[in-house]
**Student:** 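Below you will find the structure I want to go over with you.
Scope of the values below: all heavy atoms of this structure, side chains included, with no hydrogens, waters or symmetry mates. Numbers restart at 1 for each chain; the letters A, B, ... are given by sequence-line order, proteins then strands.
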Amino acid sequence: MEFKQFTLDNGLRLIIHQDTSTPIVAFNILYDVGARDENEDLTGFAHLFEHLMFGGSKNIPQFDTPLQAVGGQNNAFTSNDMTNYYITLPKQNIDTAFWLESDRMLDLAFTPKSLEVQRSVVIEEFKQRYLNQPYGDVWLLLRPLAYKKHPYKWATIGKDIKHIEDARMEDVKAFFKRHYNPENAILVIAGDVNVDEMLTKTNHWFGDIKNEDKYIRNLPQEPQQTEARFLEVERDVPQSAIYKTWHICDKKDPDFYAYDLATDILSRGNSSRLYQTLVKEKELFTEINAYHMGSTDNGLFVISGKVKNTVDLKEADDAIVNCIEELKNERIPANELIKVKNKVESTDAFSHISVLNKAMKLAFAALLGDINLVNTENELYAKVTADDIQRVVQKSLIPTNCSTLYYKAKNN
Amino acid sequence: MALDRTIAPEAKEIDNINFILPKKWELDNSIPVYEYNLGSQNLSKIEFSFNAGTKYQEKALIASSIKNLIKEGTTNYTSKQIADAIDFYGAFLETDISNDHASISLYSLNKYMDNVLPIVVDIIMHANFPQDEIDNYLKRSKQNFLVGQEKVSTLASQAYVSNIFRGSSYDQVATVNDYEHVTREDLVTFYQQYYSLENMEIFLAGKIDDNIKGLLNQYLGKIKTNSANKPSFTFSPIQFSASNDFVLKESAIQSAIRYGKPTININHPDYIKFQVLNTALGGYFGSRLMMNIREDKGYTYGIGSGISSKIEAANFVIATEVGSDVTHSAIKEINIEIDRIKHELIPEDELHVVKNYMLGSLLKNTDGPFDLLERFKTIHYNKLNDAHYDHFIKEIKNTTATELKELANKHLTNMSIILAGSVDFN
């Protein structure tokens with residue numbers, strides 16, 4: 001994937017990818033701020049902020065209407081690491097995207113009404129996604145079990161919904177000044193565009209935006225876990241579940257790719273080990289997954305599964321551990337390694353179809369500090385050997401590095 | 001020149017959409033193929049589509065069980081062999097089901113088509129539904145079903161389908177007991193009748209090369225077909241009369257609301273303009289329902305409305321989850337918005353936004369071979385004119401506020417409200 005990158009005088013990074021096959025342009029702005037940057041007593045702010053970004057800016061009372069009026073669509077998401085805003089619109093109307101995004105980077109129109117309403121909306125979101133949903137509170141339990149110091153210990157929705165209920169206008173404004181600055185943002189434009197023209201337009205619309213407060217990230221590091229952690233809760237769900245997490249490296253570490261392929265061996269596709277052994281053969285689980293959080297700072301390797309109703313949780317847990325021991329101790333067949341690498345290759349090819357996907361890939365890679373990752377990642381996966389995978393799982397998937405949650409169904 | 005940020009950049013109209021029709025051809029035995037050969041990546045999607053949706057089943061869960069079990073074993077390969085082969089070549093095998101159609105889609109890099117396509121053909125021709133796979137699947141599926149029953153959104157959606165499509169072939173809501181009554185014989189009978197070559201069409205999208213076409217003819221084009229084997233079908237009609245239903249979910253902190261009725265489908269002359277009305281009411285982020293119930297009142301994380309057009313009928317629905325304490329207020333506000341759109345003309349500037357939003361969405365949804373294929377299937381399945389999307393653009397542009405008010409009075413009446421949660425209507 002080809003791209004051009006620039007940095008404006010005010011520090012805004014601009015990445016342009018040309019794709020002449022589409023009438024649609026993707027306009028993606030990533031702000032380098034996530035839930036990890038929140039004050040522990042004011043959690044959920046990055047996400048609340050994402051909502052407020054649609055409540056009107058300095059010169060434009062309403063964000064969505066003018067965009068929809070030119071045939072555009074937009075949305076945003078917040079993670080523990082980043083807040084990402086994206087627009088897709090007909091290429092002839094790209095000026096509207098510049099106009100809207102630059103104005104809300106310049107300054108928001110903070111109104112008490114907007115704060116009041118978005119506070120309620122976020123509280124309803126909290127209920128809909130975390131409370132009124134079977135297994136909805138799992139990560140509210142698991143994060144603080146696995147992380148004791150690092151701000152990954154709270155979810156993006158916040159540690160306590162009270163923080164959102166009590167959010168004050170001055171805190172919200174301070175958050176904006178601290179994080180929503182050009183030097184903290186990455187703009188990616190992907191589509192049938194002219195590079196020089198985009199650079200000129202970016203300077204025109206964003207060039208005069210000043211940086212306000214400087215934010216220097218200095219997060220508390222997570223000390224090494226030294227003993228197994230365990231939590232058991234009982235909930236009104238029809239089926240018990242087990243969640244296990246282990247601390248692993250961050251996404252920039254070369255070992256990341258070995259961990260990623262380890263999760264694929266364990267659970268990607270119906271031919272994967274956990275599915276074949278624990279769901280099909282032993283019938284202990286009705287579903288089971290292995291994945292990692294893909295986080296910018298040191299992340300988690302996760303195995304989670306819903307346990308069949310007649311099965312004892314300890315027995316199911318032991319069966320997971322057995323699969324891990326097998327991965328650690330028995331040589332990974334050559335074909336199995338080729339298999340997971342082939343899947344990486346085809347997934348990558350399919351992900352290059354949409355311009356929005358490509359724009360996001362570029363933005364995420366830039367955030368990690370190496371845009372070239374969009375092209376070199378395949379090689380990094382190709383280089384991983386069976387020994388690498390065994391080395392990383394032997395190092396990390398050990399009991400003293402593990403947090404286990406038994407999420408028990410009340411009536412079983 | 002100083003930048004005046006208060007002035008919106010000039011908007012340029014979307015006048016036409018370059019909707020391309022697929023190339024149509026046939027395998028040697030006349031199985032129809034529709035092909036979009038467009039795309040920069042060396043990959044393709046091959047979709048085998050059957051008239052085998054849930055409306056054809058005489059017993060609950062049969063069609064959906066086949067969707068899940070069809071790749072769990074054939075007379076030539078075990079479930080594991082199929083999974084191993086598909087995964088080994090990095091391919092994706094997806095099966096899908098709707099009320100009307102069932103499909104088996106293969107996504108693969110072109111260089112591995114020789115390896116994976118024959119397996120998919122085997123699934124189409126020789127699936128054999130091993131009993132142990134059926135048992136394992138039904139147990140898992142039943143547990144998933146029970147998890148779903150804990151969600152107010154699922155409870156409301158099930159009650160909605162029964163209320164709206166009462167008595168018809170679209171009235172397909174399973175109960176937990178239905179899991180006890182699915183037999184291998186049911187599955188085999190349905191599979192033999194509906195997953196036949198006579199009942200199949202092939203859709204191709206991506207970088208379609210001669211190798212793919214050759215493989216299809218080699219594996220499927222040589223088999224004798226007999227058009228007399230095409231199953232017949234009569235749709236049992238809908239017996240709808242508006243009524244409100246409540247599903248109790250004790251201690252739920254949100255209520256799910258589904259509000260709607262059966263309505264006109266895509267073949268009706270009013271349909272496109274009714275879509276404009278729906279968009280204004282609840283079909284996009286700036287819609288009236290969103291602006292009022294989320295952005296002004298903060299009762300919900302989201303609310304929307306939609307028209308789901310099927311082959312035999314269609315349904316209109318307003319759907320949301322709201323805080324239990326504001327359930328009655330939310331229903332009241334929905335009613336206010338329905339009344340308002342029936343009694344007041346939509347202002348021109350609002351209508352302008354709605355129209356352009358719809359045109360922009362169509363532009364986005366016709367971008368690339370995979371999207372084009374989905375749009376074409378709508379034309380094809382509903383036997384619409386090839387120029388449907390040109391007509392769609394013209395109709396949207398010509399829609400007037402007066403027409404929308406008339407349509408609201410014609411179509412947004414006599415609706416059912418379904419409520420699931422801890423708060424009843426009173």
**Student:** Counting C-beta onward and ignoring hydrogens, is there a side-chain heavy-atom pair between V276(B) and L351(B) closer than 4.5 Å?
**Tutor:** yes
**Student:** Need one label for Q81(B): side chain, backbone, both or neither, based on atoms under 4.5 Å from any heavy atom in chain A.
**Tutor:** neither
**Student:** Is it the backbone or the side chain of D296(B) that comes under 4.5 Å from a heavy atom of chain A, or both, or neither?
**Tutor:** both
**Student:** Honestly, is R104(A) close enough over F54(A), meaning NZ or CZ under 6.0 Å from the six-membered ring centre and within 45° of the axis?
**Tutor:** yes
**Student:** Could you name each residue pair satisfying salt bridge (charged side-chain N to carboxylate O under 4.0 Å, His left out) that touches residues 88-99 of chain A, not counting sequence neighbours?
**Tutor:** K91(A)-D192(A), D95(A)-K201(A)
**Student:** Which of the residues G71(A), G136(A), S57(A) is involved in the greatest number of heavy-atom pairs with chain B at under 4.5 angstrom?
**Tutor:** G71(A)
**Student:** May I ask you to check if K306(A) and Y135(A) form a cation-pi contact, with NZ or CZ under 6.0 angstrom from the six-membered ring centre and within 45° of the axis?
**Tutor:** yes
**Student:** Using salt bridge (Lys or Arg N to Asp or Glu O under 4.0 Å), reason through K127(A) and E321(B) one step at a time and then give a plain yes or no.
**Tutor:** CA-CA 10 Å; K127(A) 289 186 200 163; E321(B) 272 88 72; over 6 Å; no
**Student:** Counting heavy-atom pairs under 4.5 Å with chain A, which one of L109(B), L43(B), D84(B) comes out on top?
**Tutor:** L43(B)
**Student:** So for E10(B), is it side chain, backbone, both, or neither that comes closer than 4.5 Å to the heavy atoms of chain A?
**Tutor:** backbone
**Student:** Output yes when E133(B) and K280(A) qualify as a salt bridge under the 4.0 Å nitrogen-oxygen rule, no when they do not.
**Tutor:** yes
**Student:** Which atoms of V25(A) come close to chain B, meaning under 4.5 Å heavy atom to heavy atom: side chain ones, backbone ones, both, or neither?
**Tutor:** neither
**Student:** Between D103(A) and chain B, with a heavy-atom cut-off of 4.5 Å, which part of the residue counts as in contact: side chain, backbone, both or neither?
**Tutor:** both
**Student:** For residues 332-339 of chain A, give me every residue with a non-hydrogen atom less than 4.5 Å from any non-hydrogen atom of chain B.
**Tutor:** N335(A), I338(A), K339(A)
**Student:** For chain B, find which of V344(A), V355(A), L131(A), V279(A) contributes the most heavy-atom pairs closer than 4.5 angstrom.
**Tutor:** V279(A)
**Student:** Heavy-atom pairs under 4.5 Å with chain B: which of T96(A), L89(A), V121(A), D19(A) has the most?
**Tutor:** V121(A)
**Student:** Taking only residues two or more places apart in sequence, or in another chain, which ones meet Y137(B) in a ring-ring contact (aromatic ring centres under 6.0 Å, His included)?
**Tutor:** none
**Student:** In terms of heavy-atom proximity below 4.5 Å to chain B, should E116(A) be classed as side chain, backbone, both, or neither?
**Tutor:** neither
**Student:** Is chain B contacted by the side chain of F350(A), its backbone, both, or neither, given a heavy-atom distance below 4.5 Å?
**Tutor:** both
**Student:** So, are R288(B) and E333(B) salt-bridged, with charged N and O less than 4.0 Å apart?
**Tutor:** no
**Student:** Please rank K71(B), K12(B), Q143(B) by heavy-atom pairs under 4.5 Å with chain A and give me the top one.
**Tutor:** Q143(B)
**Student:** At a 4.5 Å cut-off on heavy atoms, which part of P90(A) comes close to chain B: side chain, backbone, both, or neither?
**Tutor:** both
**Student:** Which answer fits S287(B), side chain, backbone, both or neither, if we ask what part of it has an atom under 4.5 Å from a heavy atom of chain A?
**Tutor:** neither
**Student:** With only heavy atoms counted, which part of K142(B) is less than 4.5 Å from chain A, the side chain, the backbone, both or neither?
**Tutor:** neither
**Student:** Is S102(A) in contact with chain B via its backbone, its side chain, both, or neither, using a 4.5 Å heavy-atom distance?
**Tutor:** both
**Student:** Tell me, for M291(B) versus chain A, whether the close heavy atoms (under 4.5 Å) come from the side chain, the backbone, both or neither.
**Tutor:** side chain
**Student:** Does any heavy atom of chain B fall under 4.5 Å from the side chain of L106(A), the backbone, both, or neither of them?
**Tutor:** side chain
**Student:** What part of E72(B) is in contact with chain A, defined as an atom under 4.5 angstrom from a non-hydrogen atom: side chain, backbone, both or neither?
**Tutor:** side chain
**Student:** Under a 4.5 Å heavy-atom cutoff, which of K58(A), Q128(A), R268(A), Q62(A) has the most pairs with chain B?
**Tutor:** Q128(A)
**Student:** Go through L67(A), T22(A), V122(A) and name the one with the most non-hydrogen pairs under 4.5 angstrom from chain B.
**Tutor:** T22(A)
**Student:** What part of V152(B) is in contact with chain A, defined as an atom under 4.5 angstrom from a non-hydrogen atom: side chain, backbone, both or neither?
**Tutor:** side chain
**Student:** By a 4.5 Å heavy-atom criterion (distance strictly below it), what part of S141(B) contacts chain A: side chain, backbone, both, or neither?
**Tutor:** neither
**Student:** Quick one: is the NZ or CZ of R375(B) closer than 6.0 Å to the six-membered ring centre of F19(B), and within 45° of its axis?
**Tutor:** no
**Student:** Going by ring-ring contact (aromatic ring centres under 6.0 Å, His included), name the residues that satisfy it together with F27(A), two or more places apart in sequence or in a different chain.
**Tutor:** F98(A)
**Student:** With a 6.0 Å cut-off on the ring centroids, do Y112(B) and Y89(B) count as close?
**Tutor:** yes
**Student:** So which of I60(A), N270(A), N132(A), L100(A) has the largest heavy-atom pair count under 4.5 angstrom toward chain B?
**Tutor:** N132(A)
**Student:** Between T327(B) and S324(B), is there a donor-acceptor pair closer than 3.5 Å when you use the side chain of the first and the backbone of the second?
**Tutor:** yes
**Student:** Side chain from CB out, backbone as N, CA, C, O: work out which of these in E125(A) comes under 4.5 Å of a heavy atom of chain B, or both, or neither.
**Tutor:** both
**Student:** For Q41(B), is it the side chain, the backbone, both or neither that has a heavy atom under 4.5 Å from a heavy atom of chain A?
**Tutor:** side chain
**Student:** Less than 4.0 Å between a side-chain N and a carboxylate O, is that true for E287(A) and R140(B)?
**Tutor:** no
**Student:** When you check the gap from the basic side-chain N to the acidic O, do K45(B) and E374(B) get nearer than 4.0 Å?
**Tutor:** yes
**Student:** Tell me, for R129(A) versus chain B, whether the close heavy atoms (under 4.5 Å) come from the side chain, the backbone, both or neither.
**Tutor:** side chain
**Student:** Where does A256(B) contact chain A at under 4.5 Å (heavy atoms): side chain, backbone, both or neither?
**Tutor:** neither
**Student:** Under 4.5 Å heavy-atom distance to chain B, tell me which part of K113(A) shows up: side chain, backbone, both or neither.
**Tutor:** side chain
**Student:** Can you list the steps and then say if D264(A) with K341(A) is a salt bridge (Lys or Arg N to Asp or Glu O under 4.0 Å)?
**Tutor:** CA-CA 9 Å; D264(A) 289 350; K341(A) 289 183 179 181; over 6 Å; no
**Student:** What part of L362(B) is in contact with chain A, defined as an atom under 4.5 angstrom from a non-hydrogen atom: side chain, backbone, both or neither?
**Tutor:** neither
